[in-house]
Peer 1: 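Before I ask anything, here is the structure I am working with.
None of the values given here were measured: they were computed from a predicted structure.
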There are 2 protein chains.
Amino acid sequence: MNIGDVADAAGLPAKTIRYYEDIGLITPHRSANGYRQFTQSHLHKLAFIARARGLGFSIEQCRTLLALYEDRDRASADVKALAETHLSEIDAKMAELSEMRRTLAELVQACAGDHRPDCPILKGLAAPDKAD
Amino acid sequence: MNIGDVADAAGLPAKTIRYYEDIGLITPHRSANGYRQFTQSHLHKLAFIARARGLGFSIEQCRTLLALYEDRDRASADVKALAETHLSEIDAKMAELSEMRRTLAELVQACAGDHRPDCPILKGLAAPDKAD
DNA sequence: TCTTGACCCTCCAGTCACTGGAAGGCTTAT
DNA sequence: ATAAGCCTTCCAGTGACTGGAGGGTCAAGA
């Protein structure tokens, strides 16, 4: 398969696949004309990476997951540990966003949003503890 | 004030403040020795930016907020619109994270996490619809 | 007076994971 | 012969910093 075919099949831009080759995630062969040649196995890997990325794993985490995937003797505990690490990263981000959301929603709530210049949002940003 | 003083007072690294000058968010004066000189007004602005960044506004959104803050004739509706845009950005990110979390938690749940190689997490990444 | 340590300066490069674009080669069909 | 649609490499940019090298400045103490 050429790069366009795997790109379509894996749901990734061709550019991204070239980048993944650059950083050593995959190593397609080359045909005589210099085109990258992908096998089903390459496609599997790319789809695997695409899904892991979709779950928010970093490229380095994907590299590790891929290595575990290819290692028939891995312990599932190693995979689970990595997934749990990522799960708590997600939880941390969600907590951060949730706190932002709470504060921002309060400010928005307090703002009339009319033609007048008086604005609790700006006041809140300027001096959070005495937002009027 | 020197950069170290405003850095402490605004709760920002000195490097970050230099960067903010680079991109034109603030323009401190210089004393004879080349050191940046900050006024209370600069400090206010920096603290304002720090808080807006803390609520997740992008630098460009901060630039706009700062301009609105300085404009005594702004309409609070303009500020509110920006804040609401950002609020929905936050909501979108939270929804995305929440979906990732849901899927990942399911996989983690299904994984024994022992010494054996059998791993539903890897299976789920390899072929999401038939994760066993 | 000298030195030490804590400041400050600029400039360059790196982070993360791509993404866009230029300039050109290959393939297939008309 | 030419056009469309692939493919290639290489360079540069994104956002928002962050680290480090290499050097100047300042205030306090011996």
Side-chain angles (χ1 to χ4, degrees), chain A residues 1-38 42-43 45-46 48-66 85-86 89-90 92-93 96-97 100, chain B residues 1-38 42-43 45-46 48-66 85-86 89-90 92-93 96-97 100:
Chain A
M1 281 180 285
N2 284 348
I3 199 165
D5 305 320
V6 267
D8 288 351
L12 289 170
K15 275 248 163 186
T16 298
I17 296 174
R18 288 192 198 102
Y19 171 70
Y20 287 168
E21 182 185 11
D22 264 12
I23 62 172
L25 274 188
I26 39 156
T27 46
H29 298 113
R30 298 292 179 130
S31 41
N33 59 12
Y35 286 19
R36 289 168 183 81
Q37 280 306 313
F38 297 85
H42 289 127
L43 175 53
K45 278 200 198 181
L46 285 169
F48 182 99
I49 297 166
R51 276 178 219 115
R53 294 282 305 129
L55 289 180
F57 286 99
S58 73
I59 288 287
E60 287 317 304
Q61 286 172 326
C62 288
R63 200 190 294 279
T64 305
L65 284 171
L66 216 44
T85 296
H86 181 46
E89 288 163 3
I90 289 178
K93 260 185 217 151
E96 199 187 335
L97 281 177
M100 283 180 189
Chain B
M1 283 180 285
N2 284 347
I3 199 166
D5 305 321
V6 267
D8 289 351
L12 289 170
K15 275 250 165 185
T16 299
I17 296 173
R18 288 194 197 101
Y19 170 70
Y20 287 168
E21 183 186 9
D22 263 14
I23 61 171
L25 274 187
I26 40 154
T27 46
H29 298 112
R30 297 292 179 129
S31 41
N33 59 13
Y35 287 18
R36 288 169 184 81
Q37 281 305 314
F38 297 86
H42 290 127
L43 175 52
K45 278 198 199 182
L46 285 169
F48 182 98
I49 297 167
R51 277 179 219 115
R53 294 284 303 130
L55 290 180
F57 285 99
S58 72
I59 289 287
E60 286 316 304
Q61 284 172 328
C62 287
R63 200 189 294 278
T64 305
L65 284 171
L66 215 45
T85 296
H86 180 45
E89 288 163 3
I90 291 177
K93 263 185 216 149
E96 199 186 337
L97 281 177
M100 284 180 189

Peer 1: Starting at atom CD of B/Gln61, determine the distance to atom P of D/dG15, rounded to an integer number of angstrom.
Peer 2: 12 Å
Peer 1: Measure CD/B/Gln37 against P/D/dC26 and give the value in whole Å, please.
Peer 2: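 Between P of D/dC26 and CD of B/Gln37: 11 Å.
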Peer 1: Would you tabulate the side-chain donor-acceptor contacts of residues 21-28 of chain B under 3.5 Å, counting partners in other chains and residues two or more places apart, or write 'none'?
Peer 2:
unit_1, atom_1, unit_2, atom_2, d
B/Glu21, OE1, B/Arg30, NH2, 3.4
B/Glu21, OE1, B/Arg36, NE, 2.4
B/Glu21, OE1, B/Arg36, NH2, 3.3
B/Glu21, OE2, B/Arg30, NH2, 3.4

Peer 1: Whole Å only: how far is the CD atom of B/Glu89 from the C1' atom of D/dG15?
Peer 2: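 Computing the B/Glu89:CD to D/dG15:C1' distance gives 14 Å.
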Peer 1: With sequence neighbours left out, write down each residue that passes side chain to side chain contact (heavy atoms under 4.5 Å, CB included) with A/Thr85, or none if nothing qualifies.
Peer 2: A/Glu89
Peer 1: Atom pairs under 3.5 Å, N or O on each side, protein against nucleotides 2-7 of chain D: can you list them with distances?
Peer 2:
unit_1, atom_1, unit_2, atom_2, d
D/dC7, OP1, A/Gly4, N, 2.6

Peer 1: Rounded to whole Å, how long is the line connecting atom CG of B/Leu55 with atom C1' of D/dA16?
Peer 2: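 After rounding, the reported distance stands at 17 Å.
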Peer 1: Distance-only criterion, 3.5 Å: show the donor-acceptor pairs between side-chain atoms of residues 1-9 of chain B and protein atoms not counting sequence neighbours.
Peer 2:
unit_1, atom_1, unit_2, atom_2, d
B/Asn2, OD1, B/Gln37, NE2, 2.9
B/Asp5, OD2, B/Asn2, N, 3.1

Peer 1: Would you say a side-chain N or O of A/Asn33 is under 4.0 Å from OP1 or OP2 of C/dT27?
Peer 2: yes
Peer 1: Rounded to whole Å, please give me the gap between CD1 in B/Ile49 and P in D/dG15.
Peer 2: 17 Å
Peer 1: So for the helix from C/dT1-D/dA30 to C/dT30-D/dA1, with five pairs setting each end axis, what is the inter-axis angle to 10°?
Peer 2: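 Between the axes fitted at each end of the helix from C/dT1-D/dA30 to C/dT30-D/dA1 lies an angle of 30°.
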Peer 1: Applying side-chain contact (heavy atoms from CB on, under 4.5 Å), run through A/Leu66 and A/Phe48 and close with a yes or a no.
Peer 2: CA-CA 8 Å; A/Leu66 216 44; A/Phe48 182 99; 3.4 Å; yes
Peer 1: Which residues satisfy the ring-ring contact (aromatic ring centres under 6.0 Å, His included) test with B/Tyr20, sequence neighbours excluded?
Peer 2: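 Residues passing ring-ring contact (aromatic ring centres under 6.0 Å, His included) with B/Tyr20: none at all.
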Peer 1: Let me check something: any side-chain donor-acceptor pairs from residues 49-56 of chain B under 3.5 Å, sequence neighbours excluded? List them with distances.
Peer 2:
unit_1, atom_1, unit_2, atom_2, d
B/Arg51, NH1, A/Leu125, O, 2.6
B/Arg51, NH1, A/Ala126, O, 2.9
B/Arg53, NH1, B/Phe57, O, 2.6

Peer 1: I'd like to check the salt bridge (Lys or Arg N to Asp or Glu O under 4.0 Å) partners of B/Arg63; sequence neighbours left out, ordered by chain and number.
Peer 2: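 Only B/Glu60 meet the salt bridge (Lys or Arg N to Asp or Glu O under 4.0 Å) criterion with B/Arg63.
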Peer 1: Is there a donor-acceptor pair under 3.5 Å between the side chain of B/Gln61 and the backbone N or O of B/Ser58?
Peer 2: yes
Peer 1: Each nucleotide N or O in nucleotides 15-18 of chain C that has a protein N or O under 3.5 Å away: list the pair and distance.
Peer 2:
unit_1, atom_1, unit_2, atom_2, d
C/dA17, OP1, A/Ile59, N, 3.3
C/dA17, O3', A/Arg53, NH2, 3.4
C/dC18, OP2, A/Tyr20, OH, 2.7
C/dC18, OP2, A/Arg53, NE, 2.9

Peer 1: Who pairs with B/Tyr35 by ring-ring contact (aromatic ring centres under 6.0 Å, His included), at least two apart in sequence or on another chain?
Peer 2: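 ring-ring contact (aromatic ring centres under 6.0 Å, His included) check on B/Tyr35 returns nothing, list empty.
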